[in-house]
S.K.: 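One structure, as structure tokens, below. Some questions next.
Each chain gets a letter, A, B and so on, in the order its sequence line appears, and its residues count up from 1.
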Amino acid sequence: MPELPEVETVVRGLRPSLIGQTIRGAVLPAVLEQRSRRMLNVAAEELNAAVSDQPILAVERRAKYILLHLQEAVVAVHLKMTGRLYILPTGEVADSDRYLRITFPLAGGQELRFSDARRFGRVYVGASIDRLLPILGPEPLDDAFTVEALRAQLANRHGVLKALLLDQSFVAGIGNIYADESLHIAGIHPKRAADSLSDGEIEQLHGAIRQALNDGIKWQGASIRWYRQVDGTKGQSQDHFRVYHDPRSEKDKRCPVCDTPIVTIRVGQRGTHFCPICQPAL
DNA sequence: CGGACAACCTGGCGGC
DNA sequence: TGCCGCCAGGTTGTCC
């Protein structure tokens, strides 16, 4: 589910509640321990041992990973499609608990909970961040992600542009929604060859990626289906999409610039939405 | 390197 | 109302 703006929103929601807290352990429902093997990179008891009595020093985001920096360990959570993280007083019940996978009791009388209907989510723990995450490309909102850096990365890449934007080792954090939104802002067709962009188009794309992601953060993420903020409320980003939509329920999505009906195609097996006028094929 | 596709899982929704 | 089939914000591995 969540892409960079959603994960960033979750991190910002967790941070004030978790910094300075101490984790008491990691509890998995007994019936799920066996089935949760794929969710964890270590045995459930090992996760529990690694986080027990560990103060939380920092909460950060890297790509679509949520990082809990503990005194002697790092926990990395990937929400994938349907994962949620939220904090509640111990014992208080929430709707999301229907798919509860892990409870992290906190010393202050609250709990950090991880729920995940579809069970694609991942929780990794290690002594440090080293080798905990796969190879990831640059953070698109960092100063180091310059037009020049993007130009250098695009050179000699012969693939389809949108597929490359979704490649986390190329740029970190962009998913299907914000790839489509970025390409519309940039006025570039999603199927363009990555190495066919002019200097001007690369500059446009660079700015568009940042705008799309920053707007997503501003609206606190997109709650199309499962995504919720830490406090359980929906984001509002879905109310501001330029091209992304579900063609089944929203049959008359139009370009906010020229009012032309948005076209939906498949690119790299992903639903792809674009304006045929503002994003001409080349 | 790149593209296609299956897998991992389950819920929700459109359509009939 | 009920059931079926399709689709889903992500990622990884395999095969060609």
S.K.: Hey, which sits more toward the 5' end of DNA chain B by its nearest nucleotide, A/Asp246 or A/Arg157?
M.R.: A/Arg157
S.K.: So, is A/Lys64 close to the C/dG10 phosphate, meaning a side-chain N or O under 4.0 Å from OP1 or OP2?
M.R.: yes
S.K.: Taking atom CD of A/Glu203 as the centre, report whether more than 12 heavy atoms of other residues, nucleotides or ligands fall under 6.0 Å from it.
M.R.: no
S.K.: Classify the nucleic acid contact of A/Arg122 as base, sugar-phosphate or nothing, counting any heavy atom under 4.0 Å across all strands shown.
M.R.: nothing
S.K.: Rounded to the Å, how far apart are A/Lys80 NZ and B/dG11 C1'?
M.R.: 18 Å
S.K.: Counting only side-chain nitrogens and oxygens, does A/Arg270 get under 4.0 Å of the OP1 or OP2 atom of C/dA8?
M.R.: no
S.K.: Just how far, in rounded Å, is C1' of C/dT11 from CG of A/Asp116?
M.R.: 13 Å
S.K.: Whole angstrom is fine here: how far is it from CG in A/Asp195 over to P in B/dC1?
M.R.: 14 Å
S.K.: For A/His158, does the NE2 atom sit with more than 12 other heavy atoms under 6.0 Å from it, leaving out its own atoms?
M.R.: no
S.K.: Nearest-Å distance, NE2 (A/His245) to C1' (C/dC7)?
M.R.: 14 Å
S.K.: C/dC4 P sits how many Å from A/Arg248 CZ, rounded?
M.R.: 17 Å
S.K.: Can A/Phe120 be said to stack with the base of B/dC9, given centres closer than 5.5 angstrom and planes under 30 degrees apart?
M.R.: no
S.K.: Does A/Ile177 reach a base, just sugar-phosphate, or nothing at all? Heavy atoms under 4.0 Å.
M.R.: sugar-phosphate
S.K.: Where the side chain of A/Ser249 is defined as all heavy atoms beyond and including C-beta, which of B/dC9, C/dG10, B/dG14 is the nearest nucleotide?
M.R.: B/dG14
S.K.: Rounding to a whole Å, what distance do you find between A/Leu164:CG and C/dG10:C1'?
M.R.: 17 Å
S.K.: Does A/Arg118 get its side chain close enough to the base of B/dC9, under 3.5 Å, for a donor-acceptor pair?
M.R.: yes
S.K.: So, is A/Gln168 near the phosphate of C/dG10, with a side-chain N or O under 4.0 Å from OP1 or OP2?
M.R.: no
S.K.: Ignoring hydrogens and geometry, is there a side-chain-to-backbone donor-acceptor pair from A/Asp195 to A/Asn156 under 3.5 Å?
M.R.: no
S.K.: Inspect the surroundings of CG in A/Asp95 and state if more than 12 heavy atoms from other residues, nucleotides or ligands are less than 6.0 Å away.
M.R.: no
S.K.: Is the shortest side-chain N/O distance from A/His78 to OP1 or OP2 of C/dG10 below 4.0 Å?
M.R.: no
S.K.: Without decimals, in angstroms, what is the distance between A/Leu79 CG and B/dC9 C1'?
M.R.: 16 Å
S.K.: What interatomic distance, in whole Å, is found between C1' of C/dG2 and the corresponding atom of B/dC9?
M.R.: 24 Å
S.K.: So A/Tyr178, base contact, sugar-phosphate only, or nothing? Heavy-atom distance under 4.0 Å.
M.R.: nothing
S.K.: Using Watson-Crick or G-U wobble geometry with both distances under 3.5 Å, which nucleotide pairs with B/dC9?
M.R.: none
S.K.: Provide, to the nearest angstrom, the distance between the CG atom belonging to A/Asp167 and the P atom belonging to B/dG2.
M.R.: 9 Å
S.K.: Sticking with atom C1', work out how far B/dC1 lies from C/dG13, rounded to a whole angstrom.
M.R.: 16 Å
S.K.: So A/Gln269, base contact, sugar-phosphate only, or nothing? Heavy-atom distance under 4.0 Å.
M.R.: base
S.K.: Quick one: does A/Gln238's side chain have a donor or acceptor within less than 3.5 Å of a partner on A/Ser223's backbone?
M.R.: yes
S.K.: Applying a 4.0 Å non-hydrogen cut-off, can you work out what A/Ala163 is touching in the nucleic acid: base, sugar-phosphate, or nothing?
M.R.: nothing
S.K.: Report the residue from A/Tyr244, A/Trp219, A/Tyr227, A/Tyr178 that forms a side chain to side chain donor-acceptor pair (under 3.5 Å) with A/Ser237.
M.R.: A/Tyr178
S.K.: When you match A/Lys251 and A/Arg38 each to their closest nucleotide on DNA chain B, which lands nearer the 5' end?
M.R.: A/Arg38
S.K.: Side chain of A/Tyr244, heavy atoms from C-beta onward: which of C/dA8, B/dG12, C/dT12 has the nearest atom to it?
M.R.: C/dA8
